[in-house]
Colleague: 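Mind having a look at this structure? Questions to follow.
In what follows, every chain begins at residue 1, and chains take the letters A, B, ... in the order their sequences are listed.
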2 protein chains.
Amino acid sequence: MNTKQRLIDGVLAVIREQGITAVSARSVAAAAGANQALIFYHFGNLEELIAQTCVQTTEVRVAAHRPRFAEVRSLAELLALGREIHEAERAEGNLAVLAQTLAGAQGGGRLAEATREALGKWTTEVESTLMRVLSGSPLTEFTDPAGLARATSAGFLGLTLFEAVDAEGGEQALGALAQLAALADVLESLGPVATKALRAKLRSAAKSRAT
Amino acid sequence: MNTKQRLIDGVLAVIREQGITAVSARSVAAAAGANQALIFYHFGNLEELIAQTCVQTTEVRVAAHRPRFAEVRSLAELLALGREIHEAERAEGNLAVLAQTLAGAQGGGRLAEATREALGKWTTEVESTLMRVLSGSPLTEFTDPAGLARATSAGFLGLTLFEAVDAEGGEQALGALAQLAALADVLESLGPVATKALRAKLRSAAKSRAT
DNA sequence: GTCTATAGTAGGATAGAC
DNA sequence: GTCTATCCTACTATAGAC
């Protein structure tokens, strides 16, 4: 395999096992089984390597799950898929990489740009799925797919960091999301009469909030 | 003011402005206007200083908001309070400190212990509020306050990291949460007939999932 | 408790042989 | 493209004067 990819995998390994604070040219090179100087030959500097790792692996993982997004037909299914993706990616630490890079991007710079791009790959996928799923739901006119997509993406990333520190608590949190999914399911499967009633309630609530 | 506190404030300042990766004995000492050697005199090592900063400031901030939690009377109000706290703490970067420390805790060690403790301070507050608020709601028997508390805490932390990189997206996400709050409000204010119907729906849905 | 000075280490990055 | 060797900087941590 070529060296560029080995170095990217090295970043992945270090972040997965020790977090962003442990990433250094030396630690990455060691994990990649490559010479330290090659990082600078191939990427110019360490930050650029991390940035490309973040964007590239996110691109790959989102693409891998894209067919599944297309199958989603309800809010409940979307939440279930989120949970499934979360668990599937846990072993390889791909979400952890994004979360850790996001944390490292606090100071702006190249990493901020890279994480923004990577986050966009997830949110656009979720957003388009939400738009498709919500059309026809009683919730359509009261929800903002763009905002919801960003909130759920941010939420799953927070959860990824959380469970690294408190695995049991992370499980509990995921369980609570399953309950929310069930609730969403029920709301979507209401009969036309109940749907109309709910819609009226939401509308009047929205109106009273506007005043 | 005494030096220990100045150093803690120094950590706060560095994390707020540059993130956990920029934290070093030198950068913290500079931000605190103190001598670098004092970190080791007062805390033994840098990690311990970060850990104590995380726990102490979280304790203070949670205590400051405790009266507000006690006033909460609905899910909608709780979500609104979450948003309010999130915005209030943004300027001082107190949530960012927890989020960044959490990211730095990936490798275990003292930081993991500290963040676990700090997270617990938030989740116990949210959890007890949830238990109080949910009693009497049609959702009571279908929600787990412990899991929900951890999910929301993790969610807000994820959002804190997110908005540091994409401020506009963060605003959108917060807006979506306000919509969820409105939805929760409506569900709670349903009449007894509708409540009974919803409960039955949820129950049968739970049953069909169990098979 | 606070300072200066410094030891010892790990880090980013480059030069130049192959 | 890859390696060795190395420069220089920044880091953690300690010793010892005040």
Colleague: Using whole Å, report how far CG of A/Leu7 lies from C1' of C/dG12.
Modeller: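 In whole Å, C/dG12 C1' lies 15 Å from A/Leu7 CG.
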
Colleague: Tell me: CG of A/Asn35 to C1' of D/dC3, nearest whole Å?
Modeller: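 One finds 6 Å between C1' of D/dC3 and CG of A/Asn35, rounded.
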
Colleague: Run A/His42 and A/Gln52 through side-chain hydrogen bond (donor to acceptor under 3.5 Å, both in side chains) and show every step you take.
Modeller: CA-CA 11 Å; A/His42 285 290; A/Gln52 288 196 29; over 6 Å; no

Colleague: Find the distance A/Leu46:CG to C/dT14:P and express it as a whole number of Å.
Modeller: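 The answer, rounded to whole Å, is 13 Å.
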
Colleague: Calculate the interatomic distance between A/Lys4 atom NZ and D/dT2 atom C1'; express it in whole Å.
Modeller: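 So the two atoms are 15 Å apart, to the nearest Å.
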
Colleague: Give a yes/no answer on whether the side chain of A/Thr3 brings an N or O atom under 4.0 Å of OP1 or OP2 in D/dT2.
Modeller: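 For D/dT2, OP1/OP2 do have a side-chain N/O of A/Thr3 under 4.0 Å.
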
Colleague: What's A/Ala37 touching, base or sugar-phosphate or nothing? Going by heavy atoms closer than 4.0 Å.
Modeller: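 Answer is base: heavy atoms of A/Ala37 come under 4.0 Å of a base.
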
Colleague: Give one of base, sugar-phosphate or nothing for A/Leu38, where a contact means two heavy atoms less than 4.0 Å apart.
Modeller: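 Result for A/Leu38 = base.
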
Colleague: Between B/Arg6 and B/Ala32 (side chain of the first, backbone of the second, donor and acceptor by atom type, cut-off under 3.5 Å), is there such a pair?
Modeller: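 At least one qualifying donor-acceptor pair exists.
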
Colleague: Just how far, in rounded Å, is P of D/dA5 from CZ of A/Arg26?
Modeller: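 Taking CZ of A/Arg26 and P of D/dA5, I get 14 Å after rounding.
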
Colleague: Atom OH of A/Tyr41 and atom C1' of C/dC18: how far apart are they, to the nearest Å?
Modeller: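 Interatomic distance, OH of A/Tyr41 to C1' of C/dC18: 14 Å.
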
Colleague: Quick test of your reading of the model: are B/Arg116 and B/Glu113 salt-bridged, counting only N-O distances below 4.0 Å?
Modeller: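 Salt bridge flag = no for B/Glu113 with B/Arg116.
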
Colleague: Just N and O in the side chain of A/Asn45: are any of them under 4.0 Å from OP1 or OP2 of C/dG12?
Modeller: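 False: A/Asn45 side-chain N/O out of range (4.0 Å or more) of C/dG12 OP1/OP2.
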
Colleague: Take the protein atom CD of B/Gln36 and the nucleotide atom P of D/dC11, then report the distance between them rounded to whole Å.
Modeller: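 Going from CD in B/Gln36 over to P in D/dC11 covers 9 Å.
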
Colleague: Under 4.0 angstrom, heavy atoms only, what part of the nucleic acid is A/Ile39 near: base, sugar-phosphate, or nothing?
Modeller: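 Contact class for A/Ile39: none.
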
Colleague: Can you check the B/Phe40 CZ to D/dT14 C1' distance for me, whole Å?
Modeller: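 Those two atoms, CZ and C1', are 9 Å apart.
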
Colleague: Are A/Ser24 and A/Ser27 linked by a side-chain donor-acceptor pair shorter than 3.5 Å?
Modeller: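 Yes, a side-chain donor-acceptor pair sits under 3.5 Å.
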
